[in-house]
Amino acid sequence: MASKTLIPAVKGTREFYPEEMAQRNFIYEKARQASRLFGYQEWDAPFLETIELYAAKSGEELVKEQSFVFPDRGGDLITLRPELTPSLARMIAQKQNELVFPVRWWSFGPFWRYERPQRGRTREFFQWNVDMLGVNSPEADAELIAVAATFLKLVGLTPEQATIFVNNRRLMDAQFDALQISPEKRMEVSNAVDRRAKMEAAKWDEYVLELGLKREQLDGLKQILGNYDLWQQSEELIRLFNALEALGVKDYVRFDPNIMRGLLYYTGTVFEAFDVSGSVRRAILGGGRYDNLLRDVGGDPLSGVGFAMGDVVIGILLKEKGLIPAFIPSPAPVLVTVFDASLWMASYSLAAELRAEGWNVITYPEPAKLPKQFKFADRMGVKVALVLGPEEAASGKVTVKNLATATQESVARIEVSAAIRRMLATN
RNA sequence: GCGGCUGUAGCUCAAUGGCAGAGCACUUGACUGUGGAUCAAGGUGUUGUGGGUUCGAGCCCCAUCAGCCGCCCCA
């Protein structure tokens with residue numbers, strides 16, 4: 001075999017053979033459908049950006065450790081985009097005076113992060129981003145969560161399988177204040193909260209105490225993190241859940257004080273969706289409200305809320321739950337066989353006529369034994385096979401065979417289209 | 001960047017330091033105008049790569065590359 005001489009694909013990339021491509025398109029289509037149901041507009045940003053764009057606001061780790069950065073021929077440092085939000089902020093800021101607000105935009109495209117590939121994580125991935133800018137309210141936050149929940153519903157995930165957990169940064173800050181955890185320590189404590197599910201309870205306690213918290217602060221923190229009624233102390237969250245109920249997606253959403261999210265720029269509502277059955281322990285999607293992003297890139301202050309979903313984790317999940325539609329190899333339901341060399345072009349003409357009528361038609365590319373051609377039709381998932389042999393040619397007919405039922409009929413050439421339509425209808 | 005596991009036929013895997021194998025898949029035929037099922041026949045490999053130990057290495061040792069799983073971080 002030639003395997004020795006094959007140049008391998010770049011580490012952490014995925015190759016989309018037609019079956020994987022169909023899966024990716026399934027996810028894309030459902031994301032598109034959910035976005036459009038709420039009236040969001042599709043948009044995109046450059047895949048290449050300068051490193052300065054991310055240096056301004058993204059986390060240091062994301063820029064320094066996890067970005068693909070390389071000099072272009074002029075010596076400028078170019079970055080393969082690791083996230084979309086900074087580009088969004090710039091594009092909004094550039095046209096801040098002409099856009100119709102609120103802006104409701106969605107996007108689905110490739111991103112790159114230089115990470116160690118592992119389950120649910122690749123270096124090249126596709127991400128669905130949905131954002132609303134120009135409205136700062138819990139009701140707007142609820143709409144974004146509803147878009148996410150609608151997606152989960154559209155792909156067939158039930159609330160028992162996938163749940164969106166919600167928290168609020170301001171609420172948690174108030175709680176931390178009450179415990180007299182200093183603002184400088186909030187970040188570290190937040191990170192600790194993020195990691196809590198992955199650590200043993202005793203070890204986590206130890207870890208938090210090492211951060212400099214006192215024993216009673218730790219106890220207080222644990223009390224907060226175990227209080228699932230805490231949302232009732234937040235006017236924002238009360239309004240949020242009220243709106244979620246009206247939007248018909250409350251089943252998918254639960255308050256959870258343990259949801260923090262590492263990203264610096266979230267200021268209010270934060271949320272993350274997880275596979276509740278627990279096979280993939282990574283977030284399916286995550287998002288929240290960001291108040292300062294536009295100002296940080298040099299625009300006028302403008303609040304936004306949004307979320308992102310990578311294609312990798314949701315792909316694993318959908319596959320596991322059997323929610324990816326069966327793969328049909330050929331997009332053509334009709335195969336025209338080629339009986340022999342003398343009738344080859346007659347078959348091609350027949351195929352051309354059917355295409356002119358709007359059918360997707362695949363031909364066998366050369367004369368071959370019929371068993372071989374039928375086997376090919378079968379492997380390609382074709383529903384109907386046409387035979388134009390000497391008998392048919394002599395009588396001006398075409399044999400139309402329904403591969404699912406193994407029945408066939410010989411019909412006049414002008415009747416072929418109707419015969420195909422009948423067979424496809426009964427399948 | 002750190003830790004662990006695994007690399008054998010196209011795929012999934014087996015082989016006590018002693019002749020490198022099985023199932024599936026594939027090709028052909030049974031069947032010269034009809035697919036899936038069945039049966040028969042057939043091909044298969046520098047055992048990831050490079051060194052070392054040994055009379056002898058798929059197996060042991062070292063290095064290297066790749067993949068997977070976890071840490072970090074996050075979609």
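Here is the naming used below: chain letters follow the sequence lines, and residue numbers restart at 1 for every chain.
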- Task: Could you give the distance separating B:U54 and B:C60 at their C1' atoms, to the nearest angstrom?
- Result: 10 Å
- Message: Students often get this wrong, so: under 4.0 angstrom with heavy atoms, is A:Ile314 touching a base, only sugar-phosphate, or nothing?
- Response: nothing
Enumerate, atom names and distances included, each donor-acceptor pair closer than 3.5 Å involving a side-chain atom of residues 392-401 of chain A, sequence neighbours excluded.
{"unit_1": "A:Glu392", "atom_1": "OE1", "unit_2": "A:Gly389", "atom_2": "N", "d": "3.0"}
{"unit_1": "A:Glu392", "atom_1": "OE2", "unit_2": "A:Thr399", "atom_2": "OG1", "d": "2.5"}
{"unit_1": "A:Ser395", "atom_1": "OG", "unit_2": "A:Glu391", "atom_2": "O", "d": "3.0"}
{"unit_1": "A:Ser395", "atom_1": "OG", "unit_2": "A:Glu392", "atom_2": "O", "d": "3.4"}

- Considering the options A:Trp106, A:Trp128, A:Phe108, which one meets the ring-ring contact (aromatic ring centres under 6.0 Å, His included) requirement together with A:Phe151? A:Trp128
- Query: Taking atom C1' of B:C72 as reference, at what distance in whole Å does atom OH of A:Tyr207 sit?
  - Reply: 10 Å
- Note on the structure: Closest to the side chain of A:Val387, out of B:G35, B:A75, B:U34, is B:U34
- Would you classify A:Lys401 as touching base, sugar-phosphate or nothing, given that sugar-phosphate means primed atoms plus P, OP1 and OP2, and contacts are heavy atoms under 4.0 Å? base
- How would you label the contact of A:Phe126 with the nucleic acid (heavy atoms, under 4.0 Å): base, sugar-phosphate, or nothing? nothing
- Contact pattern, 5' to 3', of nucleotides 65-71 of chain B - B, S or - by protein heavy atom under 4.0 Å: --SBSBB
- Message: Could you walk me through whether A:Arg36 and A:Gln41 satisfy the side chain to side chain donor-acceptor pair (under 3.5 Å) test, starting with their C-alpha distance in whole Å, then the side-chain angles of each, then the deciding distance to 0.1 Å, before giving a yes or no?
- Response: CA-CA 7 Å; A:Arg36 290 171 62 93; A:Gln41 298 171 281; over 6 Å; no
- Any pair with a residue in residues 136-149 of chain A that passes salt bridge (Lys or Arg N to Asp or Glu O under 4.0 Å), sequence neighbours left out, goes on the list, sorted by first then second residue, please. A:Arg104-A:Glu143, A:Glu139-A:Arg239, A:Asp141-A:Arg289
- Message: Go nucleotide by nucleotide along RNA chain B from the 5' end; which of A:Asp311 and A:Gly389 gets its closest nucleotide reached first?
- Response: A:Gly389
- If the C1' atom of B:A14 is compared with that of B:C55, how far apart are they to the nearest Å? 27 Å
- Item | Pairwise P distance, B:G43 and B:G21 [rounded to whole Å] | 13 Å
- Separation of A:Tyr114 atom OH from B:C74 atom P, in whole Å? 19 Å
- Task: Report yes if some heavy atom in the side chain of A:Leu88 is under 4.5 Å from a heavy atom in the side chain of A:Trp105; otherwise report no.
- Result: yes
- Query: Which part of the nucleic acid does A:Gln373 contact within heavy-atom distance under 4.0 Å: base, sugar-phosphate only, or nothing?
  - Reply: nothing
- Query: For atom P, what is the distance between B:G45 and B:U8, given to the nearest Å?
  - Reply: 15 Å
- Item | Is_stacked (A:Phe376, B:G35) at 5.5 Å, 30 deg | no
- Expressed in whole Å, how much space separates the P atoms belonging to B:U16 and B:C59? 12 Å
- Task: Decide if the gap between the ring center of A:Trp231 and the ring center of A:Phe241 is smaller than 6.0 angstrom.
- Result: yes
- Which value, in whole Å, describes the distance between the P atoms of nucleotides B:C61 and B:U6? 11 Å
- Query: Which part of the nucleic acid does A:Arg121 contact within heavy-atom distance under 4.0 Å: base, sugar-phosphate only, or nothing?
  - Reply: base
- Interatomic distance, A:Asp378 CG vs B:G36 C1' [rounded to whole Å]: 5 Å
- Message: Does A:Phe327 have more than 12 heavy atoms from other residues, nucleotides or ligands lying within 6.0 Å of its CZ?
- Response: yes
- Query: Using a cut-off of 4.0 Å on non-hydrogen atoms, how would the nucleic acid contact of A:Ala308 be classed: base, sugar-phosphate, or nothing?
  - Reply: sugar-phosphate
- Report yes if at least one side-chain N or O of A:Lys372 is closer than 4.0 Å to OP1 or OP2 of B:U34; otherwise report no. no
- Query: Considering only B:C74, B:C73, B:G29, which nucleotide approaches the side chain of A:Gln66 most closely?
  - Reply: B:C73
- Message: Going by side-chain hydrogen bond (donor to acceptor under 3.5 Å, both in side chains), name the pairs with one or both residues in residues 17-28 of chain A, residues two or more places apart or in two chains.
- Response: A:Tyr28-A:Glu42
- Given pairs defined as Watson-Crick or G-U wobble with both distances under 3.5 Å, what dot-bracket annotation applies to RNA chain B, with ( ) intrastrand, [ ] crossing, | other strand and . unpaired? (((((((..((((....[..)))).(((((.......))))).....(((((..]....))))))))))))....
- Task: Grab the CD1-P distance between A:Ile259 and B:A75 for me, whole Å please.
- Result: 12 Å
- Any side-chain N or O of A:Arg123 under 4.0 Å from OP1/OP2 of B:C73? no
- Item | Rounded distance (Å) that lies between atom C1' of B:A75 and atom CG of A:Asp194 | 14 Å
- Item | B:G23 to B:G42 separation - P atoms, rounded to the nearest Å | 13 Å
- Considering only the P atoms, how many Å lie between B:G50 and B:G18, rounded to the nearest integer? 23 Å
- Face-on cation placement of A:Arg81 at A:Phe111 ring, 6.0 Å and 45° thresholds: yes
- Message: Can you measure A:Lys375 atom NZ to B:U38 atom C1' for me and round it to whole angstrom units?
- Response: 12 Å
- Nearest-nucleotide comparison on RNA chain B, the residue closer to the 5′ end among A:Gly310 and A:Leu370: A:Leu370
- Item | Non-hydrogen side-chain atoms of A:Ser87 and A:Leu53 separated by less than 4.5 Å | yes
- Touch class at under 4.0 angstrom, heavy-atom based, for A:Ala385 against every strand present: nothing
- Going by an N to O cut-off under 4.0 Å, is there a salt bridge joining A:Asp340 and A:Lys369? no
- Taking atom P of B:C73 as reference, at what distance in whole Å does atom CD of A:Glu272 sit? 13 Å
- Item | A:Leu388 CG to B:G33 P, straight-line distance once rounded to whole Å | 15 Å
- For A:Arg295, the salt bridge (Lys or Arg N to Asp or Glu O under 4.0 Å) test, sequence neighbours excluded, returns none
